*Asks:* 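Pasting a structure below so you can have a look.
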Amino acid sequence: MSHLEIPSGTLDMLVLQTLARNGEMHGFEIAEAIERVSADVFRVEEGSLYPALQRLLIKGYVRAEWGRTSENRRARYYTLLAAGKRQLAQEVKQYERATVAIARILQPAMG
Amino acid sequence: MTLTLWRRLAELGRRAWYFLNRNRVTRDLEEEMRLHVELRAESLRKARVPNAESPLSTATAFSIRNDPAFHAAQKRFGNTTTIQERSRDMWGFGNLEALASDVRFAVRRLKYRRGFALSVIVVMAIGIGAVTAMFSAVDAALLRPLPFRSPEELFATSAYRVPFDDGRPENDGPARMPDLADLRRMKELASEAGAYASGAYNLADNERPIRVAVGVVTTNFFRMLGIGPLKGRVFTDAEERVGSQNVVVLSYGLWQRQYGGRDISGLRIMLGTRQHEVVGVMPRGFSFPNESDLWVPMSIPNTFATFEAFRGYIPAVTMVRLAPGVSGATAGAQTLAQMEHWYSTLDARNRKNHASGMERIRKSGTMIPLHKQLVGDRSTALYVLLGATVLLLLIACVNVTNLLLSQASARQREFALRGVLGATRVRLIRQLLTESVLLSSLGALLGVLLAPVALQMMRALMPKALAGVAAADLNLRVLVFTAVAAVLTGLAFGVGPAFRSTADGENDVLKNGGYGATAGNAGRIRRLLVSAELALTIVLLVGAGLMLRTFGEVMQRDSGLHIANVGTMQITMPGSADNRVARLRKLNDILARLDATPGIEVSGAINDLPLTGTGGISVMLQTDGPPRSKGGGPDFTRMIYASPEYFRTVGMTLLRGRAFTASDDSLAPKVVIVSRKMAEANWPGMDPIGRKVSLGEQEMTVVGVVSDVRELRLEDEAEQQMYLPLLASAPASVAIVARATMPPAALLARMTDAVRAVDRSQAVYSVRTMEDVLDSSVERRRTNALLIGTFAGLALVLASIGVFAVVSYGVSHRARELGIRAALGATGQELMHMISREMLWVTLFGVAIGLAGAWALSKTMTSLVYGVDIHDRITFVAVPIALLIPVVLATVLPARRAMRVSPSEVLRTE
């Protein structure tokens with residue numbers, strides 16, 4: 001099965017959720033996590049991850065700090081902030097509402 | 001609410017931090033992304049060759065290029081540079097940064113093409129400078145609201161005069177026209193009503209007496225305008241009582257100039273013959289009306305004393321501030337109704353007297369917005385000139401567009417290359433537009449420096465009444481306008497070439513080296529643009545032609561005077577009856593001194609110098625001639641006081657009888673000299689000498705007939721004129737004229753010397769030659785013609801340059817085609833004709849459209865032309881001819897190069 005593009009706008013949400021679940025991660029780890037958890041359906045076009053991370057940084061949803069990987073390489077670790085947690089909850093709620101609505105519209109056709 | 005605000009501020013803080021740490025953030029991003037790619041490469045390696053101990057497991061620099069896993073990882077990651085840019089763009093200053101780098105790049109590029117850049121900047125400076133200057137004038141005169149409190153509530157009315165009390169009680173009956181006093185009682189219509197008038201006084205404080213402009217205003221004048229004094233106070237209402245007018249308020253300018261800005265308490269100055277106490281000073285910049293130097297209160301009602309220091313009656317403008325909520329239309333309707341009502345109550349005789357006045361009121365309306373009253377009839381000229389400058393700017397833009405288009409083809413290769421390297425079309429276009437706007441901005445900057453020169457020239461066109469109120473200068477509004485114009489202009493001439501330069505088909509362009517199919521297209525567009533340029537130029541030339549012909553027609557008119565070598569000066573003496581003898585003596589002394597001066601042939605005096613636009617008196621006379629059928633309105637005759645030698649001095653001809661002599665003084669029988677027109681009108685076909693003229697109870701005898709004079713304006717017909725001996729009545733204000741054989745400067749010096757020798761403290765003003773007087777009287781028309789002529793000339797130069805450029809471009813870029821034709825047997829002559837013919841069609845097309853446009857647009861100039869039809873045949877024929885000469889030159893000169901194309905050379909270098 002070929003990989004799907006992540007729907008636009010949901011990348012931020014997925015990144016936040018990944019950080020919520022896993023605490024501190026650097027960019028590569030986040031990309032891997034999303035692929036793994038989504039059972040490899042979504043492949044992050046790895047480029048789009050970094051602009052998204054910058055966006056989250058600007059908005060104050062995550063924090064970034066330089067640290068060391070297990071192999072002692074310099075990497076930038078991102079952590080979820082309280083504001084990010086709040087934003088995540090809000091976005092998840094909106095997403096669920098949208099999904100329900102779409103499902104309802106599609107139901108008769110699937111009947 | 002505050003949460004969002006706090007969040008926004010925090011975000012702004014973060015962005016600012018980024019701005020200050022841009023470089024570090026970039027480096028961090030690079031490192032981050034590099035790590036990502038390395039990790040991805042490692043994971044790919046592990047997946048493909050799980051057990052291999054690859055010597056590349058620690059990605060070292062030299063082997064990266066050959067590592068397939070690294071390549072794959074890089075590919076998955078994407079275009080690092082683009083992603084970096086996008087990441088940085090998130091921080092939001094990307095746009096600003098891009099703009100800054102665009103500007104830097106543009107500046108660098110322009111430094112390499114200095115000649116081109118300079119020519120564009122100069123062209124833009126001319127166009128934008130002209131538009132800026134005109135906009136400043138139009139804004140000051142027409143657009144900006146008057147600098148008074150709620151200026152939209154201020155109206156002028158010609159229907160309600162200031163009441164005049166001449167001591168005769170019968171003027172107070174029912175035949176009295178409604179006046180200012182009545183207006184003041186209509187509280188529900190007007191919250192305030194007042195009046196202002198402009199005159200001049202002699203200010204005799206220093207060794208050199210000067211003449212000052214005086215505003216004679218009602219005591220509520222300053223209150224009505226909402227302008228308070230800088231120092232002291234303005235007039236109190238008590239000072240409106242007849243006899244209480246010995247106070248004065250100074251303007252800031254006069255206060256500084258004459259009195260050094262000193263303390264005004266107790267300051268008394270001599271105006272005319274009376275001491276006035278200075279009670280206040282107005283703020284800087286206020287000199288309404290008519291650039292007043294000081295103000296005195298106007299008594300209500302006016303008496304003879306009000307006008308004593310002036311030449312007589314000075315017309316006042318009645319001004320009202322409408323009550324809140326009352327519109328101009330309502331006020332106009334109500335006051336008109338009141339006037340009609342009053343008029344209907346008159347008896348037959350009074351009704352006849354006021355008939356023409358009522359007609360005038362009905363036609364123009366009773367209430368006119370004050371702004372409109374002050375602007376008068378100048379608005380048309382200003383708007384037409386503004387239109388002319390916009391046309392000039394358009395022509396300049398078209399020219400520059402053409403210049404840029406010729407470069408567009410050359411740059412196509414460069415931009416195709418950059419497109420392949422990853423620049424988006426949008427980005428490239430943005431860069432080109434930045435370059436264009438930079439050029440036009442630099443041009444605008446230069447233009448702004450040149451604009452004051454143009455503004456000086458235009459002073460004559462500004463409504464005089466606004467001179468003290470709204471100056472046409474480079475204020476903030478105008479500069480903002482210039483900035484906007486610069487940006488719009490840059491975009492306008494840049495957009496076409498920008499799109500052309502970055503046109504698609506990169507592969508073709510790179511392959512063909514930039515020539516090919518697009519060349520023909522570009523040529524057509526450029527030729528079309530030249531047509532447009534020529535059309536616009538024709539419109540401007542027609543406008544200029546009409547104005548020049550008008551000016552010529554006006555100057556052709558015979559004033560009736562011969563004014564070469566004649567100088568003039570004006571003096572005003574104390575005007576009361578007691579001073580009559582003194583005035584007479586002074587005048588005689590001055591004239592005697594002038595006659596005694598070597599070099600001065602003859603001198604004279606008159607109370608109303610022709611062509612100065614001053615009021616003067618017109619009267620209705622009775623004569624003993626045959627009764628006349630009064631077809632039109634009442635018959636007015638201009639009444640003028642002249643000295644015996646006046647007629648000879650100004651070159652008027654004595655047609656019959658005699659001139660005045662010294663014995664025609666106040667004791668002798670009253671005599672008059674009539675103008676030819678008056679003689680014809682009153683005693684047609686008869687000898688007017690010996691006939692009688694009566695004015696009121698005075699009966700006078702005609703002793704001479706002189707030629708007609710166009711007294712007011714050259715455009716107007718001469719009126720009927722009647723001259724009385726100056727020395728019999730000794731008016732207060734007199735113009736002295738003298739004819740001499742010496743140069744003007746010397747003559748004028750002698751004239752002022754003569755006055756000073758007689759009375760040191762006598763103020764002399766308006767010292768100039770009669771030719772200057774004539775020039776002043778036509779100054780507006782001359783300025784009109786000069787300005788439009790200059791704009792049209794500039795347009796012609798630009799259009800010619802445009803034609804030259806297009807033909808040159810055609811010749812050099814069609815070298816291959818021309819070479820082939822030559823090889824096939826075409827002679828140089830034939831090639832030249834081919835190129836010229838093409839431009840001929842372009843020109844004819846442009847001229848045709850231009851003439852059609854000018855034909856339609858000339859209607860807007862109807863009120864500006866004189867003696868010339870707006871579709872004047874001479875102009876419409878001469879203009880295309882005038883255009884063709886430079887255009888033909890601009891075509892033939894570069895076309896001749898076509899003759900020298902060598903086919904073998906061209907075909908070889910491909």
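Quick caveat: nothing in here was measured; it's all calculated off a predicted structure. Here is the naming used below: chain letters follow the sequence lines, and residue numbers restart at 1 for every chain.
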*Asks:* Would you check if B/His36 and A/Tyr50 make a side-chain contact, meaning some heavy-atom pair closer than 4.5 Å?
*Replies:*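 They are in side-chain contact.
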
*Asks:* So which of B/Asp28, B/Leu35, B/Leu29, B/Thr82 has the biggest tally of heavy-atom pairs under 4.5 Å with chain A?
*Replies:*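 Ranked by heavy-atom pairs under 4.5 Å with chain A, first place is B/Asp28.
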
*Asks:* Does any backbone or side-chain atom of B/Leu39 lie under 4.5 Å from a heavy atom of chain A? Answer side chain, backbone, both or neither.
*Replies:*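 Both parts, backbone and side chain.
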
*Asks:* Any residues in residues 16-29 of chain A near chain B, with a heavy-atom distance under 4.5 Å, and which are they?
*Replies:*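 Interface residues of residues 16-29 of chain A: A/His26, A/Gly27, A/Phe28.
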
*Asks:* Any Lys/Arg nitrogen of B/Arg40 or A/Glu32 sitting under 4.0 Å from an Asp/Glu carboxylate oxygen of the other?
*Replies:*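 A salt bridge links B/Arg40 with A/Glu32.
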
*Asks:* If contact means a heavy atom pair closer than 4.5 Å, which residues of residues 53-60 of chain A contact chain B?
*Replies:*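 So the qualifying residues are A/Gln54, A/Arg55, A/Leu57, A/Ile58, A/Lys59, A/Gly60.
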
*Asks:* Run the salt bridge (Lys or Arg N to Asp or Glu O under 4.0 Å) check on A/Arg73 and B/Glu42 step by step: do they pass?
*Replies:* CA-CA 14 Å; A/Arg73 288 152 105 160; B/Glu42 279 171 25; 2.9 Å; yes

*Asks:* Looking at B/Glu31 and A/Arg76, is any side-chain nitrogen of the basic one under 4.0 Å from a carboxylate oxygen of the acidic one?
*Replies:*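 Not counted as a salt bridge, because no side-chain N and carboxylate O are separated by less than 4.0 Å.
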
*Asks:* Count the heavy atoms of every other residue, nucleotide or ligand shown that sit under 6.0 Å from OH of A/Tyr95, and state whether that count exceeds 12.
*Replies:*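 No, the 6.0 Å shell around OH holds no more than 12 heavy atoms from other groups.
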
*Asks:* Has B/Arg8 got more than 12 heavy atoms of other residues, nucleotides or ligands less than 6.0 Å from its CZ?
*Replies:*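 At most 12 heavy atoms, drawn from other residues, nucleotides or ligands, come within 6.0 Å of this atom.
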
